[in-house]
Every structure is written in structure tokens, then in C-alpha cells.
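Every chain is numbered from 1 and lettered A, B, ... according to where its sequence line falls, protein lines coming before strand lines. In what follows, every heavy atom counts, from backbone to side chain, and hydrogens, waters and symmetry copies are set aside.
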Amino acid sequence: MKGWMTRFKAVMALTVMALILSGCGEPFLSTLQPRGEGAAMLLELIILSTVIMLFVFVVVMAIYIYVIIKFRQKKGQEDFIPKQTEGSHALETLWTVIPIILLLILAVPTVQYTFAFADVNTPEVSEEGEELDQIWIDVTGKQYWWHFEYEGLDVTTSQEIYIPTDRRVYLSMISDDVIHSFWVPSIQGKMDVNPTGNRNEMWLQADEEGVYWGKCAELCGPSHSLMDFKVIAVSPGEFEEWVEDMQGVTGEEEPETATAQAGQEIYEENCLSCHAVGSSPNKVGPNLTNFADRDKLAGVFDMTEENLFEWIDTKGEEMKPGNLMVDAPYDLNEEEINQVIEYLMTLSPSDVTPESADNGVYIDSDLSDLFPEEEEDADEESEEDDEVDEDEETDEETDENDEE
Amino acid sequence: MADNTNSANQTQKKQFYKKKHREQMKHQVITFAMMIAFTMLAFGLVMAEVDAMFTVPIILVLAAVQVLFQLYYFMHMAEEGHEWPAAMIYSGVFAAVLTILALTIIVWW
Amino acid sequence: MSTTAENKAGFGSVLWDYLTTVDHKKIAILYLIGGLFFFILGGLQAMLIRIQLIAPDNEFISAQFYNEVLTMHGTTMIFLAAMPLIFALMNAVLPLQIGARDVAFPFINSLGFWLFFFGGIFLNVSWFAGGAPDVGWTAYAPLSLFSESHGVDYYAIGLQIAGFGTLMGGINFIVTVVNMRAPGMTYMRMPLFTWTSFIASVLILFAFPALTVGLFLLTFDRLFGGNFFDPEMGGNVIIWEHLFWIFGHPEVYILILPAFGVFSEIIPTFSKKRLFGYSSMVFATILIAFLGFMVWAHHMFTVGLGPIANSIFAVATMAIAVPTGIKIFNWLFTMWGGNIRLTSPMVIALGFVPTFTIGGMTGVMLASAAADFQYHDTYFVVAHFHYVIVGGTVLGIFAGIIYWWPKMFGTMLNEKLNHWFFWLFFIGFHLTFFFQHFLGLMGMPRRYWKFLPDQGLDLFNLISTIGAFGMAIGTIIFLVNVVMTQMKGEKVSGDPWDARTLEWAIPSPPPFYNFKQEPLVRGLDALWVEKMQGNGKIQPAEPLGDIHMPNRTFVPFVISLGLFIAGFGVMYQGAMWILAGIGFATTFGAMLYRSLKDDIGYHVHKEELEEEGDGSNG
Amino acid sequence: MAEDVLKSGNLPENPERATLEGRNKFMGFWFFLGGEVVLFASLFGTYLALRNSTVDGPTGQEIFGLGLVFLMTVILLTSSLTSVYAMYHMKNNDFKKMQLWLGITVLLGFAFLGLEIYEFVHYVNDYGFGFSTSAFSTAFYTLVGFHGAHVAFGLLWIISLMIRNRKRGLNLYNAPKFYIASLYWHFIDVVWVFIFTVVYLMGKVG
Ligand code: HEA
Ligand code: HEA
Ligand code: CUA
Ligand SMILES: [Cu+2]
């Protein structure tokens, strides 16, 4: 699908535009500095339409300025009565036909790309011509945080997802409460996260390692503006390592220091009802398996002890207005909170952290180790399809159960 | 605005109108009979449990025809002076069809 | 409001006069006052938004309050400011432009105003009753079901009441145009403002019922245990989105078409040329309205309707650029070869052309479904719609108010202050909204209470807030101008702009019966035709005779008041049901009274008319 | 002209459109009906989107009784015919007969409304099918209830017209009122035709 844009890229105006635009915004956030295939395609479309619009604007403004200068009333001409022209068929046809042509130029790639973005069923093909395994992540949007489950990998996390660079990762998205919208501007366009049976699907692909900011783009309550998340793109090898490390966590690991052990006990008593460490289904609060490695606390705050203390102490009441942790019934004193913090800070199962995204280390992998049972390729395809279908069926079942 | 014709003329006119109205009324009674027949047909199809693929389009068409009867015969939409009413009803139908299509087709489950 | 005769009358009798009036020219003034009031209110809310966003991580107002302000800003501006101001212009001008003595339904016209008024008040009572609606002007379910305060109930019921008013106003104007045109005023001789208002009214007729139903469903879900939007009970949240936008998209053309009409009057007048391509302008208007019904899902590209639906709606949306482009070029070529006078309405029209073009072009960019995945719900969209709404509708409204001010009040707003107003407002506007395009592209979603530091968003937000102050100062100058002009009260002639259409053929302000004798229209731009071919006066189509006028009535006020009261009962239920009883009894009682009591109006007799002297221009 | 509109007798062919006010009413009401088309379309669309969302509640197939609906349909269709008769006599300037036929129309309308209420009560009591049972039930009651409310309003309207004018006969002032009331009544019938088809018959077919 890049083919047709390449021709356009030759146009000087485009390059200039791209240069100007790419100066805009921060690389981890701006749609104008794409770091993934999706955002890059979308930027092409944005530039194409901008160029068309600039062309139209120039034409309109040229006539406009000419008219104002030329036909302004001159001194002594107050009584001049111009010819009362009725219209002109030739002109009117002209400005009907030209816009139609311009719109067609825009409409064709629009339709192409719209279909390209909706395609989540064709697996990618490696350089050797083999079909790659599709990594599916179940995304759940909740007031005001995000939950992620890696399908078939037994890995659960919240607030941040890790993805391998250079290949597509597929998302299947649903909401537990109101509508949210999942958006990682520098990697991919947004998609709504709806609460009904419909799971929206999309793909993500990052070209470069990095920590990319995600935003909730649909008004979902007071803390809508604080419902940020991160996409951490690491090299495939690092991703594989991360998955394996995460799979190892059961939540029962004993921390080393005594304070942390005390903290763990407090945690189990007060927090476990809503939070989890280790793979677990989506609960009331975020999964904390790799909490200590988080780039940000609750999506937006710096990961400092003070912030964490305030968060647990006030249940985030002022920090994230309307957040659902305020319902937590616990009542902890300063010491207990510090113990919990100490425990939480031990939750770092992997060496792969947000820092791995810019440490310059690149480890290659085709990730096939993560999907062992599908290694034989003969009937791999059908098997995989079956599995997806099965997943969908279970989803539907759960939905129905919910309704009951 | 008031009629300025003399009274002899008036009575004559009246007679003429009366006749015309009676004609119309005949049509309307026939229309009514057909509407009742259509209704019975529609109910009959459903009660007889004829195949749904067959029944649904038919009863929808029957309903549409009945509605046209109402509009054109009972509500006189065919008579002169009804150009705007017809235009507006059909514009309404246009918006209505789009609405119903949207709510039946591009609403997921 | 201002004529000396009325100033002498006591305040009480003036008030009573306006409470019971069925004169479209007075109803226009009521709409104008109501609309400007809500425009200032919505503007103050906009200022709160901009002050909150002046700097990153700002805590000027709380998150909850921000959402309330944001919702009320959008709702107030669209339903309570822009719509009534458009109705003000329509009421003031449309009957005069077609040579009618009155609108088709004077009673319903006044009912429409009072319903709007009480609906607007009802909505704003929420501020004092536990919190305003906080779910955005689009009130997407299920957030609107989750919202705990009664705010959303105020939204649903308030808009329901105001919406009935709008619907009635719309029907009134359609029938007025169809039935009340003066002899010779064929459809293809109607001024373009009349045409666009007519088509906008048709849009109202077909778009508002969808909103009515949507609001009923929302009310049922929130107050009566309905399950339309409750996924747990099998409900479906997408229904609301469809219904809202089936209404919502035509609504934006309801807002813009009359503004197009205003500029189509102003540009010919001040270019001293007839409108270029009149019939294609009419055709384009109809086409925009028609296409306007088939594109609503462009607000829902990211909802997950699938690529087929997205593509269809994307292409349909782009198509609207064609008829709109026809209009833009026709305006330009109306000026071409003309004799352009830079009066303030004309300068505003000149400000409108490029501004709206930019807004329309970003609209077409949004219509590119895939690209909208990046734009949707960001400040890019906010920039788009303020460019078309403020740059189109609001400029159109202000241009129209200034242009027809002499016709409505018989006085002339100070030109110098008008120019000051325009330039401050215009420059402020571009400062405010131009950079928001980039904010959106740089990753700032809309409806954000805060944005974070170190994300490169600080500077443009700051500029945007500064610009908003420019708009505020501009608006204040306009208001000052209004007050000063009315205090001075200098009278002007019936045709101060040397204009072209019928409304300028009668005195300013017009007598309550508009035309002493029905005018005979002999061509497009009726007055201009007479200026060129005749003695500059419109020929009468009938000999002087009695004029039939409707009686004043208090009933519309009472009907609306009843619904206002009933709204509280329906919302609070329990013991408050009694309010619902009282309210509905009042409304239906008043309706019954209206339909049982003969009201055949009265006559202004020929003799009285003769005494008043020449009713024509000058 | 004003006062003569109250004189009865000697009316032109289309008394409902003989005065400007009458023509306005006539047009305005037709346009209003155009808007009503969209209103009901929105309700039908909503109903169609939700008609399978019965959750735990009963389905339409289980509860709809076609016999009753058929009876209701025939009653309403007949009332449409009787109101045509009323207009027929109006055009012939026969006020008494017009009142008579309007009276019959009203009676049929009440019969219809009574059956509808009976139907709803029956669903609630015998099937536990209330307004809040499921999204389907909410949509059903809203759609059919909106129609019922229209019927009720139409009845009140026609009755008040009949009572108000019982003594003074037909004139150019009230003829348009009677005429648009009868248009309204036909429109109610139009909507019902779709209700019995889309809701009941299609619901029964499944
Ligand atoms: C007055 C109101 C108004 C007007 C006139 C328009 C006009 C248009 N709008 Fe806009 N729109 C809004 C008000 C308006 N809009 C509002 C309020 C919203 C947001 C609602 C919300 O979410 O809160 C919105 C949102 C909105 C969206 C959804 C964005 C999103 O949420 O993701 C889209 C997408 O397609 C869109 C498109 C268009 C288009 C194509 C036009 C076209 O009609 C524009 C046509 C005009 C031109 C194109 C310029 C002149 C033409 C030429 C000079 C000819 C040549 C041009 C070309 C060949 C391109 N609008
Ligand atoms: C007609 C429609 C209309 C108009 C005219 C405006 C006008 C303005 N709007 Fe509005 N806006 C909307 C319709 C409109 N808006 C809608 C529909 C939304 C979406 C809401 C939603 O998301 O749900 C929105 C959202 C919106 C946002 C996005 C908020 C967010 O997403 O978080 C912003 C932010 O900058 C904004 C700003 C402004 C500004 C600065 C003006 C300015 O132009 C205002 C200028 C006017 C004034 C400043 C008045 C000044 C007068 C005084 C101060 C006088 C006081 C003096 C005396 C009493 C003597 N608007
Ligand atoms: Cu979630 Cu906004
Ligand atoms: Cu739109």
C-alpha cells in the first residue's frame, strides 16, 4: 500500500511539508513524527490531503486578493453601477469539476487505507516467506486505566504494554464501563473501546524501540485526561525475554527484606481484592506484576516514593479525581504504607524495563519460541484460525454470562 | 378570498361537488375493503407459519401498499394542492429509511 | 425595546407587550436578546476552559467542574446561542423579504420562542441543583447513564423542551415561505437568505425528531428504568450515537446555511452587483441539505463500524465540498467586477470567506476516514468546528445583526466600533484556533481537563488562551456599541445601505403590519429592479384595504411555563410528582383554552392606514 | 373577512383550504407529519436494533397474541374509514352527519386504546414482561406506547373539537381544524400498519 504514495513523495512540496511538520511536537507523542507503520501511513494521507487543501486555498486566496484590490470602490466612483452578471456556465462547470477530481484523488487512498487498517486477519510474512505468528493482546479500558492480557501467553499487565519492534501486534479491545478510545499517536490511529459485545480490533507496529505515550481519546469521566498509558517497543529478543520473565511470576514470591515481607502481608490483606501480581484476569484495579518497572505511576505521575505514598495514603482522590480506588476500604498508617511501598518496589520480575527501549541493545528473534505448539507449519494456519475462533466464542460466552 | 359567485351558480356547483364526493367515497370504501383484505392476508401468512424468508418481504410490501392507500385515498395526497405535502412526506421517508437502515445494519451485536 | 413611544410607556406595559406579542419583529428581538445572553454565558464558559488550559498541569478549576463547563459551553453555544440568533434573523427578515404581512403561524412562532427560553433556563438551573451535565454536548451513553448528578436529566429535559420550540419555529418558516409570498415573488425570485432559511427549516423538520427520540430514550433510561443503553440488560450504546448524529450532522448545516444566506445578501449589496450564479446557489443549498442527511457516521469513524461503512460515509462526506465550493466561488465572482464598499458587514463577509474555507478544508481532511483515526477527538477537530462555526455561523450572525440592525431598530450601529469589534474578534479567533490544529496533530486529545508538561503542548495552548481574550474584548466592544447606539437613538431611513431586496422598501423599523399594501414583485432583487427600472418604489399589488392582524396572547408563555414546571416533577419524582401534575395541567389546560377559544384576530382599517401616510420607503 | 369565517353554511368545495389561515394549517400539519415520519422511524430503528435483546425476559414470539392484534388492527382501520366518512360529510357541508361519524371514530379509538391497555396489563401480569425487563421490552413499550399516546392525544383533540363546535356548525374557521384532526387520525393508522407488521407479525415469524 505504500506504492502509490512513493510516486507522490517525489513532489518537492511534499518533502518541504514533511520537513516543516516533523518539527512539530515530541517524538513519543506527535502524529507528525511517526515511529510506526500505521502512523506513517496516516501521515502520508494527512500530507496528501494537506497538499490538496493548500492548492485549493491558494486558488481561492488568489482570486480573493485580486478581487478585493481591484474592485474596491475608488474615490469618485460611488455612483458607478457595475454590470449585473447573472452567472457563467463555463466557470460554474469548471469549479464543479475540478473539486470533484481533487476529491477523487483523496478518496482513492482513503478507501484503500481504511481497508488496510481494518485488516487484522492476514498474518505477516517473514523475509523467508513464512507466515509469522500473530500476537494478540486483549485490551480492556476501564475508568481510568488500561488492562492488557497477552492471548495464549499467560501474561497480564496494566498501564503499559510491551511490544516487539518491526512486526505487527494485534489488539482486541473492549471496555468494562464507559466508552474509551485507545490512541498511540506516534504509532497508530485511535480506535474506540466499547462496552457492548463488539470487540474492536486493530494492529500496532513500531519501527523503532521507544516508550510511546498512549492517550484515552473519548470523554470517560473526570480523569479522562489522566488515562494515559505507554507502549514500550523493545527488540523482539528483549520482548521474548520479558514475556518469559512475566510468565514466571506467581505472586507468591517472598521479597527479601523484612519490611517488604510485612508490606506483602498488608498488601495481601488490603489490596489483593482489587489488585493482582502475576497473571490474573482483569480485576477492579491494575495488575501490579511489574509495578516497580513502570515508567509512570497510575499512568501519569512520576514514579517517586512521595507520589506513591500520596497515592496510597489518599487513594488517589485528588491525584486522579473520580478514580475507583477511593472505594478501597483500607485504613493504613504511615509505617504500613511505607512497608507496602517497599514491597511494591520489589515487583520487578524482568530486566527488560522501559529503559531497555533506549539502551541501544537489539536482540533479534522470530518469537516462534513463544508459540511452541504451532511450530509445525503444515496445518498451522487452520489450527491458528480455530484457536482465534475459539477465543471469540469464549468471549461471547462470557458476555452472555455477564448479561445474565 | 370569499366566493363571489351568485347563488344559482352555487347550487349547481354544490350538486356537482356532491356527485364528485360520492364518487370519491366509493373509491374509498373499495380501498378500505382492500386494506382489510391485505391485513387478513398478512395475518394469515404468519398464522399459517409460512416460511419466514417468504413471509417477511411480503408482509412488508403489503404494509407499504396499505400506507400508500391511506396517503393517496384517505388523505387525498393525489389531489391538487398536495405537491408540497407529498414532497415533505417523501423527504421524511428518505430520512426515515436511512435511519432505519443504519440502526439495523451498522449496529453491531 | 427602543423606540421613543415605547420608552415613554411604563416598564410593565413594555414587558407585557413582549410577553404576549405575536409580531414576528418583536419575537425577533426576543430571540436576539435571549441568544446574545446565552452567547455571553457560553463565551464566559469558553473563557474558563481557556484559562484552565493556559498552562500545563493547571488546577484553576477541578476536573468535574471542567467537564460541566465544557458540556455547557458546547450545549449552550449550539442550542441556546447560535440557533436562537439564527431564528432572530429569520424572524426579523424572512417575512419582509417575501413581502408578507406576517408569518404563517404567529401563535406558534411565539410558542417556539418561549419553549426555547424555558428550555434554556431549565438547562441552566442545573448549575444550582447539584451540578450541570458533565458528559460533553454529545452525551454519549453509557457515560451519560453513569453520571450521578441530575445534570444529564437537566440536559435531556431542557433540550427536549427547547427542541420542541425549534421544531415549531422550523415548521412556521417552511409554511411562511410556501404560502405567504407576495404576488410575483416566485421561488426563483426569493432572496438567498430566504432560500437558505427555508432549507434550514426543512432540515430542522427532519433532523430534530431524531434528537427528540434520542432524548426520550435517554430520559427513560435514566429516570424510568429503561434499558436502551444498558449493556447489562441487552441495551446497545451505539443507538444513541447514531440518533445523536443523525440529528447532529444536519444540525451543523442548519447552523451554517442561514449564515451562507446572510453573506449572499451582504456581498451583492456592497458589491452593487446581483448574486453571481443565483440558481446554482439555490441548487447548491438544496444539495448540501440532501447530502447532509447521508454523512452522519463521519463522526463515528473510530467507533468500529467496519471499513465498508467508513468508506461509504467518507466519500459521501467529501461530496459536500463540491456544492460548498460552488458557493465560495460564486461569492468571489459576485465581487468580481463589482464596486465594493468596505462597510462593516462587508468586511465581516470578507473575513468569513477565507476562514470558512480553511474550516471546510479541514472538514474534508477529517472526512478521510483513515486519517480521522489520528484526528478524531483531538484539538484538530476542535479547530475544525470552531473555524466553521465561529468563522461561518457566528460571523454570519454578527454580520446579519449589523446589516439588519437599522431594519430591526431604526438606528445604525457605530461603524468605527463595528470595525474594532471585527478586527479584535477576528484576530483573536485565529490566534485561538489556528494553533489548535497543531495541538491536535501533536497528540492533544479534546475534552482534556489538563495537559501534561514536557509534551511540547505549552506554547500553543498559551497562544490559544491569549487569542480567546481578544475575542472576549471584541465581543464587549460590540455590546458597548449596542448600548451606546440605542441610548443615542439616531433614526435612519428605510434603506440606509442602498440595498436590493424587499425588506428595504419599507420604513425602519417597519410598521407592525409590515406592508401597507401587498407589494408587487417584478424580479429578483425586487427593490433593485425598481431602482433601476422604476421610481425606486415598490408597486402595490392591491388597492389600500383593511389589514388582518392576529391578537396578542399570553398562552404560549403559559404552555411553556407548564412544561418547565413539569420537567422538575418528572426528574425528581417522589413527592415532586405533584409538580409534574401541575405543570402538565397548565400546559394542556392552556392548549385546550387555545383550541376552544376563537381567535380570529382583528382588522386595521383602511381609514387608519390612510392617516398614517405613505408607508413606503423614506 | 374575519368575522365571516365564523358563519356556517354556504361553504366552498374545500372549506379547509378556503382561507389563508386554513391553507397554512393544512400545509403546516402535513409538514409536521413529515417530521413525525422521522420520529417514528427512529423509534422503529431502535426497536429493530433491540428486538433480539431479550436477556432473561420473554421474547416477542412467546407473548404476542395475534388474535387481539388483528382485532385492534381492524378497529383502527375501520376508524380510519369512519373519519373519511366524516370528512365526506364535511365537504358536503352536512355538519350533523360529520359529528356522527366523528363520534363513531372516537368510539372505535377508545376501543382500540382499551384493548391496548388490556394487552399491556396482560403482558405485565401474565408474562412478567415489564418496561424494565429487558432492552427488548423497553423498546417495545416505547414504540407501541408512543403510538398509543398519539391515539390518546388524537381522541382528546377530536372530542374537544366536537364539543366546542356542537352548537354552531361548520364554518371556515373550524373546518381546517376538523380536517387536520382527521389527517392526524389517518397518520396514526399509517403508523399502526407498520407496528402490526414489524412488531407483531415479524416478531411472531422470528
Ligand atoms: C457550522 C458547522 C459545520 C460545518 C459547516 C461543517 C462542515 C463540514 N464538516 Fe464538520 N463538524 C462540525 C461542524 C461543522 N462542520 C462540528 C460541530 C463537529 C464536531 C462535533 C463534535 O464531535 O463535538 C464537526 C466534526 C466533523 C467531522 C468529525 C470529526 C471527528 O470527530 O473525528 C467531520 C468528518 O468528516 C467533519 C467534516 C466536515 C465536512 C467535510 C464539512 C463540509 O461541509 C465542508 C465543505 C466546505 C469546504 C470544503 C470549503 C469550500 C470548498 C471549496 C473552496 C471547494 C474546493 C474544495 C475541495 C476540493 C476540498 N466535521
Ligand atoms: C456555536 C458554537 C460555539 C461557539 C461560538 C464557540 C466559541 C468558543 N469556543 Fe467552543 N465549543 C463548541 C461550540 C462553540 N464554541 C462545541 C460544540 C464544543 C464541544 C463541546 C464538547 O466537547 O462537548 C466546544 C468546545 C470548545 C473547546 C474544547 C474544550 C475541550 O475539548 O476540552 C474549546 C477550547 O478552547 C472552546 C473554546 C471556545 C472559545 C474560546 C470560543 C470563543 O469564540 C467564545 C467567544 C465569546 C466570548 C469570549 C464571549 C465574550 C463576552 C464576554 C466575556 C462579555 C462579558 C461581559 C459582559 C457581561 C458585559 N470550545
Ligand atoms: Cu477513558 Cu477517556
Ligand atoms: Cu458532521
Region of F276(C) in contact with chain A, defined by heavy-atom distances below 4.5 Å = both
Would you check if the distance from the ring center of F333(C) to the ring center of W95(A) is below 6.0 Å?
-> yes
CD-CG distance between Q73(A) and N339(C), expressed to the nearest 0.5 angstrom = 4.5 Å
Side chain to side chain, Y375(C) and I46(A), heavy atoms closer than 4.5 Å | yes
Please identify each residue that fulfils salt bridge (charged side-chain N to carboxylate O under 4.0 Å, His left out) with E218(A), with sequence neighbours left out.
-> R447(C)
Can you check whether T114(A) reaches F301(C) side chain to side chain, under 4.5 Å on heavy atoms?
-> no
Which bit of E68(C) comes within less than 4.5 Å of chain A, counting heavy atoms only: side chain, backbone, both or neither?
-> neither
Which portion of L452(C) sits near chain A, non-hydrogen atoms under 4.5 angstrom | side chain
Enumerate donor-acceptor pairs with a distance under 3.5 Å from any side-chain N or O in residues 96-111 of chain A to protein atoms, sequence neighbours excluded.
unit_1: T96(A); atom_1: OG1; unit_2: E92(A); atom_2: O; d: 2.6
unit_1: T110(A); atom_1: OG1; unit_2: L106(A); atom_2: O; d: 2.7
unit_1: T110(A); atom_1: OG1; unit_2: S368(C); atom_2: OG; d: 2.8

Euclidean distance, L226(A) CG relative to F451(C) CZ, rounded to 0.5 Å = 13.0 Å
What part of T378(C) lies closer than 4.5 angstrom to a heavy atom of chain A: side chain, backbone, both or neither?
-> side chain
Side-chain contact, heavy-atom cut-off 4.5 Å: F329(C) with L91(A)?
-> no
Answer yes or no: is there a side-chain heavy-atom contact under 4.5 Å between I328(C) and V60(A)?
-> yes
Side chain, backbone, both or neither: which part of W331(C) has an atom under 4.5 Å from a heavy atom of chain A?
-> neither
What part of A284(C) lies closer than 4.5 angstrom to a heavy atom of chain A: side chain, backbone, both or neither?
-> neither
Segment of P321(A) engaging chain C (4.5 angstrom heavy-atom cut-off) = side chain
Which bit of K83(A) comes within less than 4.5 Å of chain C, counting heavy atoms only: side chain, backbone, both or neither?
-> backbone
How long is the gap from CD on Q374(C) to CD on Q188(A), to the nearest 0.5 Å?
-> 7.5 Å
Which atoms of D228(A) come close to chain C, meaning under 4.5 Å heavy atom to heavy atom: side chain ones, backbone ones, both, or neither?
-> side chain
Heavy-atom distance under 4.5 Å to chain C: side chain of S88(A), backbone, both or neither?
-> both
State whether the side chain of K70(A) and the backbone N or O of W336(C) hold a donor-acceptor pair below 3.5 Å, judged by distance alone.
-> no
Quick one: CG on L457(C) to OG on S30(A), what's the gap to the nearest 0.5 Å?
-> 9.0 Å
F117(A) versus chain C, heavy atoms under 4.5 Å apart: side chain, backbone, both or neither?
-> side chain
Should M365(C) and L45(A) count as side-chain neighbours, where that means a heavy-atom distance under 4.5 Å?
-> no
Please look at M61(A) and chain C and tell me whether the side chain, the backbone, both or neither of the residue comes under 4.5 angstrom of a heavy atom of that chain.
-> side chain
W183(A)/F373(C) aromatic ring centres below 6.0 Å = no
Under a 4.5 Å cut-off applied to non-hydrogen side-chain atoms, are D177(A) and P142(C) in contact?
-> no
Side-chain heavy atoms of Y448(C) within contact of H224(A), under 4.5 Å | yes
Is it the side chain or the backbone of I308(C) that comes within 4.5 Å of chain A heavy atoms, both, or neither?
-> both
